[in-house]
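Here is the naming used below: chain letters follow the sequence lines, and residue numbers restart at 1 for every chain. In this text the structure is predicted, and so the values were computed from the model without any measurement.
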2 protein chains.
Amino acid sequence: MHSFTEENYLKAIYKLQEANGLVVATSALAQVLEVHAPSVTDMLKRMAGKKLVTYQKSKGVKLTEKGRQVAVGIIRNHRLWEVFLVDKLGYKWDEVHDLAEQLEHIHSEDLTNKLDMFLGFPKADPHGDPIPDANGVLPKSKAVLLSTFAEGDQGTFTGVTDHSATFLNYLDKTGFSLGDPIKVKGIEEYDQTYTLQLKGKKEVVVSFKVANSLLLSY
Amino acid sequence: MHSFTEENYLKAIYKLQEANGLVVATSALAQVLEVHAPSVTDMLKRMAGKKLVTYQKSKGVKLTEKGRQVAVGIIRNHRLWEVFLVDKLGYKWDEVHDLAEQLEHIHSEDLTNKLDMFLGFPKADPHGDPIPDANGVLPKSKAVLLSTFAEGDQGTFTGVTDHSATFLNYLDKTGFSLGDPIKVKGIEEYDQTYTLQLKGKKEVVVSFKVANSLLLSY
DNA sequence: AAAATAAATTAGATTAACCTAATTAATCAA
DNA sequence: TTGATTAATTAGGTTAATCTAATTTATTTT
Ligand SMILES: [Mn+2]
Ligand SMILES: [Mn+2]
Ligand SMILES: [Mn+2]
Ligand SMILES: [Mn+2]
């Protein structure tokens with residue numbers, strides 16, 4: 001079908017398209033894929049030939065509908081495998097990403113759907129990211145950054161924007177757990193430090209950087 | 001670490017070494033890997049450079065100890081994933097091989113061992129093939145072909161030598177099931193047709209070809 | 001042992017995915 | 001609006017893994 005490399009390009013384009021604008025720059029792809037720019041140009045030409053992307057010289061790329069389908073399929077695989085690793089094999093949420101990067105490329109729609117069923121049709125992965133359904137529909141999250149909250153506001157911790165193992169470990173250690181309630185007790189004017197009340201009345205103080213990486217839902 | 005291609009060569013060499021003699025011929029590899037002979041020669045040279053095999057021009061290949069370790073590791077992965085697919089996801093034994101061919105290349109010893117635990121440390125895969133342990137030790141089966149049995153002999157059905165989906169389907173349809181007892185009621189002199197008593201007294205007649213693909217243990 | 005056949009290797013190409021160095025195109029600042 | 005800076009492409013290579021055609025080596029058969 002498609003090579004792992006192509007699939008990784010598609011996933012990267014998809015994520016950059018979501019995060020930033022509609023077209024994705026060669027340099028942005030080179031950075032996230034950890035290759036040099038000419039390799040990207042080269043690959044984009046091949047992928048345009050396969051109608052996975054529309055590529056305009058020096059203008060950037062966009063996914064075609066076909067390309068988007070493949071990208072979302074891989075994200076679905078990735079997130080379902082992460083659930084499997086955490087729920088069934090006992091991995092921690094900071095350990096599963098690299099394994100899922102491999103597992104996401106196993107080609108079988110049927111396997112994906114059977115895995116989905118086995119896991120009880122989860123709505124989100126261990127990091128709170130939504131899992132696309134079998135038709136490639138990805139529910140749009142309405143979670144918002146904790147850094148947009150004011151004193152007294154509260155919500156439920158439902159996701160992160162920083163997926164690094166170090167950040168996830170910090171959260172574990174500090175007492176954050178997905179699904180728990182969080183209330184803003186105070187925000188320091190000087191440096192935007194947040195004082196939070198976690199589940200069980202536990203109070204913690206976190207930096208703006210942390211508040212800016214936590215997603216809360218009402 | 002190693003490419004999928006290298007891993008498939010190692011697995012193929014291992015299996016041919018087990019089945020036939022000590023050294024494996026270029027042509028045999030070309031056949032099972034479905035590539036042409038010069039590709040094999042080429043690859044063997046590269047693999048010899050990596051000390052995965054010992055290769056003597058025009059003489060054949062053998063695995064090094066390092067190569068054997070890798071090969072057995074992949075077979076371990078393959079068989080554990082097959083158990084997962086059948087026991088956990090509800091696949092039938094004739095459906096899992098191709099998926100396992102992909103999954104076996106996921107590289108993580110830790111994942112393999114966690115999967116092993118999750119599955120309850122199975123001794124054999126859905127086709128009765130033994131699963132190597134974490135140290136690469138593969139228990140030598142003492143099962144024997146049904147075709148070596150005489151009238152009146154009996155045993156337990158514990159494996160197959162033909163892993164094709166068509167054969168496995170035939171077994172399902174005819175009433176064979178791994179672990180069941182089988183007794184030889186008669187053998188026709190003329191064409192070596194076997195009359196067997198299966199579990200629940202059910203009698204079936206099978207060809208020599210079938211009797212020669214079933215493994216029984218006492 | 002020579003001839004015939006089969007198996008394996010060498011020679012020379014191809015393709016995907018990458019690279020560096022050089023060049024061109026686009027964007028920003030004076 | 002020119003000039004500088006940054007981004008992107010072209011040109012020319014490399015490596016792994018494959019191929020076909022030609023040649024060499026090994027095994028049989030006479
Ligand atoms: Mn992930
Ligand atoms: Mn995730
Ligand atoms: Mn198999
Ligand atoms: Mn099997």
Grab the NZ-C1' distance between B:Lys59 and D:dT24 for me, whole Å please. 16 Å
D:dT9, OP1 or OP2 - any side-chain N/O from A:Thr41 closer than 4.0 Å? yes
Of B:Val40 and A:Ala37, the one whose closest nucleotide on DNA chain C sits nearer the 5' end is B:Val40
Check: B:Phe149 ring centre within less than 6.0 Å of B:Tyr218 ring centre: yes
Apply the test salt bridge (charged side-chain N to carboxylate O under 4.0 Å, His left out) to residues A:Lys92 and A:Asp172: give CA-CA distance (whole Å), side-chain angles for both, the deciding distance (0.1 Å), then the verdict. CA-CA 10 Å; A:Lys92 301 211 256 80; A:Asp172 280 340; 5.4 Å; no
At under 4.0 Å, does any side-chain N or O of A:Tyr55 touch on OP1 or OP2 of D:dA8? no
Taking the side chain as every heavy atom from C-beta outward, state whether B:Gln102 and B:Trp81 have any pair of such atoms under 4.5 Å apart. no
Centroid separation B:His2 to B:His107 less than 6.0 Å: no
Please produce a list of atom pairs where a protein N or O lies less than 3.5 Å from an N or O of nucleotides 11-18 of chain C.
residue	atom	partner	partner atom	Å
C:dA17	OP1	A:Ser3	OG	2.6
C:dA17	OP2	A:Arg46	NE	3.3
C:dC18	OP2	A:Tyr9	OH	3.4
C:dC18	N4	A:Asp42	OD2	3.4

Which part of the nucleic acid does A:Lys45 contact within heavy-atom distance under 4.0 Å: base, sugar-phosphate only, or nothing? sugar-phosphate
Whether A:Asp162 and A:Lys209 form a salt bridge (side-chain N of Lys/Arg under 4.0 Å from carboxylate O of Asp/Glu) is what I want to check. no
Lys/Arg N to Asp/Glu carboxylate O, B:Glu101 vs B:Lys11, below 4.0 Å: yes
Expected output is a numbered-order residue list: members of residues 20-29 of chain A with a heavy atom under 4.0 Å from any atom of DNA chain D. What is it? A:Ala25, A:Thr26, A:Ser27
With no hydrogens and no angle check, is any side-chain donor or acceptor of A:Thr112 less than 3.5 Å from a backbone partner on A:Ser108? yes
Side-chain N or O of B:Lys57 closer than 4.0 Å to phosphate OP1/OP2 of C:dT10: yes
Between A:Glu104 and A:Arg79, does the salt bridge (charged side-chain N to carboxylate O under 4.0 Å, His left out) criterion hold? Intermediate values first, please. CA-CA 8 Å; A:Glu104 71 188 4; A:Arg79 294 181 180 168; over 6 Å; no
